[in-house]
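Keep in mind it's a predicted model, so treat the numbers as computed, not measured. Throughout, a chain's letter reflects where its sequence line sits, starting with A, and its residues are numbered from 1. Hydrogens, waters and symmetry mates are skipped; everything else that's a heavy atom, side chains included, is used.
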Amino acid sequence: MTLRVTGLGHRFGLADVLADIDLELPAGESVALVGPSGCGKTTLLNLIAGLERPSAGRIDNGYARPACVFQQPRLLPWQTALDNIALGLKAVGVARRERERRAATMGLRLGLANADLDKFPHQLSGGMQSRVALARAFVLEPDLLLLDEPFSALDVGLKAELYALLLGEIAARRASLLTITHDLMEAVRLSDRILMMAPAPGRIVGEYRLDRPRGQRDDGWIYRTTAAFMDEPAVRAGFGLPGQQAGGSVVALASAAAGRAKDRP
Amino acid sequence: MNLLRAWFAGIPAYLWSGWGALASLFMFLALWDWGSQIYGDLVLPGPLATFVQLGALVDAGAAWPELAVTAKRALTGFALSLAAGSVLGLLAGLSVTASVMSRPIVTVLVGMPPIAWLVLALLWFGTGDATPVFTVFIACFPIIFVGALQGARTLDGQLKDVAHAYRLPLRMTLSDVYLPHVVSYLFPAWIAALGMSWKIVVMAELLATPDGVGAALAVSRAHLDTAASMAWIAAVVGLLLTAEYLVLEPIKREVENWRTAL
């Protein structure tokens with residue numbers, strides 16, 4: 001089971017959005033794609049998810065059960081939280097009673113209350129809607145999760161909780177994860193490998209490995225690693241940061257990184 | 001089935017919420033009675049005289065057959081426009097070109113006075129069922145067409161991606177993603193068109209047919225029988241109110257449950 005992208009290119013009209021993307025994602029690995037807004041990250045994810053057809057190159061997706069979580073929750077407004085979670089199960093023909101049981105179990109595990117399950121999306125807070133969107137993906141027991149910055153609108157505490165749930169879920173199933181984000185700390189927290197993208201046309205300009213196992217990363221390690229990652233020339237150039245900062249302490253760098261990540265929408 | 005159960009379960013609460021509506025209706029009756037006391041029974045018979053007259057019409061067996069004929073014509077025209085307007089509107093909404101092209105045509109149809117259609121229909125179909133049915137159809141069609149067009153135009157591309165990413169089969173994409181959205185636009189249009197059909201059919205019958213409520217109105221007018229005219233009007237309005245608030249409104253509430261905060 002592998003996802004293999006070779007020589008991928010994509011155009012919208014006359015504009016080259018993506019050029020010459022090569023990417024491999026073997027089973028159980030977690031990869032983060034980072035880059036500034038407009039560098040084609042979302043387009044790349046849509047291509048991999050099969051929502052658009054590539055203009056050039058090929059995508060061989062060997063995973064049997066991929067699942068997507070989008071940037072907005074994108075719930076069906078006319079269905080209750082429970083029915084929204086069960087959407088993918090209904091699509092593969094799981095009987096009503098069984099799919100409602102599984103959806104309820106998953107919803108509760110992700111921190112929804114029993115009463116929330118009967119509510120319509122507009123009656124839920126943003127955080128609860130995100131939980132429903134995650135549950136909708138998790139309940140399919142995916143072997144590949146594609147995340148398009150689903151946490152970008154959430155507060156720090158909620159993020160931390162959902163990261164833990166997410167990491168637990170993919171570790172338990174040995175599922176692969178492909179995350180798109182412009183939040184470098186999120187990338188450092190979630191992935192084994194970070195790919196840096198640059199715009200016009202979107203391409204991969206750097207690759208960084210994170211050696212410490214995902215389960216053993218404490219906050220201190222994450223701040224330090226994010227700070228070091230921010231010092232990489234390709235990363236500074238990609239995000240349009242001013243040249244290498246001389247002699248800044250690691251702690252100062254880390255807080256600057258956190259501030260910037262929060263400022264971005 | 002769920003819809004039916006929810007409909008029955010919702011009746012008590014719904015009826016209770018109707019007291020406010022009843023109060024305003026009684027307000028209206030009081031004003032009506034006041035007017036009739038000022039102008040006298042010949043110009044404006046009061047509510048009591050009107051309902052006594054209506055009771056007499058019902059007892060004499062004159063009311064129900066006429067109302068049935070009128071209802072049949074209104075519902076036939078409405079059903080035709082519902083089918084044609086919904087299907088054509090949805091199809092037009094799926095194509096940008098078709099929706100842009102159909103806009104001015106719909107504006108013409110909406111702007112055309114129903115009485116003009118009635119005159120044409122009289123010339124084309126003569127005096128029979130076809131004339132009121134056609135007039136109702138042509139008056140209701142643009143309302144439903146616009147509703148369906150907007151429903152189709154505003155389909156959410158993001159939800160389409162969800163349907164695709166979660167591998168929904170076509171049937172489920174239609175029933176779970178497209179239909180609820182479209183219905184939330186279509187249903188109000190259907191209700192508006194139903195009210196319209198009921199008004200138009202009486203007008204058409206008044207000029208075009210020998211039977212039906214409209215024809216009965218024409219006869220009572222010829223006899224200067226204001227009480228009978230008012231009785232027929234009360235019967236028509238009463239039927240519409242009953243249909244709207246006992247059947248359509250609860251269904252609408254259930255269908256659009258997801259929109260309103262409970």
Name the option with the most non-hydrogen atom pairs under 4.5 Å to chain B; the candidates are A:Leu146, A:Leu51, A:Leu75.
A:Leu51
Are there over 12 heavy-atom neighbours, none belonging to A:Arg173, within less than 6.0 Å of that residue's CZ?
yes
Between A:Pro66 and B:Arg167, what is the shortest heavy-atom contact and its length?
CD-NH2, 3.3 Å
B:Met101 atom CE, neighbour heavy-atom count above 12 within 6.0 Å
no
Please examine the side chains of B:Met172 and A:Leu87, heavy atoms only from C-beta on, and report whether any two atoms are closer than 4.5 Å.
yes
Is the count of non-hydrogen atoms from other residues, nucleotides or ligands lying under 6.0 Å from A:Arg65 atom CZ greater than 12?
yes
For B:Tyr245, does the OH atom have more than 12 heavy-atom neighbours from other residues, nucleotides or ligands under 6.0 Å away?
no
Polar side-chain atom of B:Tyr166 near backbone of A:Cys68 as donor-acceptor pair, under 3.5 Å
yes
For A:Gln72, is it the side chain, the backbone, both or neither that has a heavy atom under 4.5 Å from a heavy atom of chain B?
side chain
Looking at A:Ala49, A:Ala67, A:Ala137, A:Gly88, which has the largest count of heavy-atom pairs under 4.5 Å with chain B?
A:Ala137
Backbone N/O of B:Asp176 and side chain of A:Trp78: donor-acceptor pair under 3.5 Å
yes
Could you tell me which non-hydrogen atom of B:Gln158 sits nearest to which non-hydrogen atom of A:Arg74, and how far apart they are?
O-NH1, 3.4 Å
Contact part of A:Lys119 toward chain B, heavy-atom cut-off under 4.5 Å: side chain, backbone, both or neither?
neither
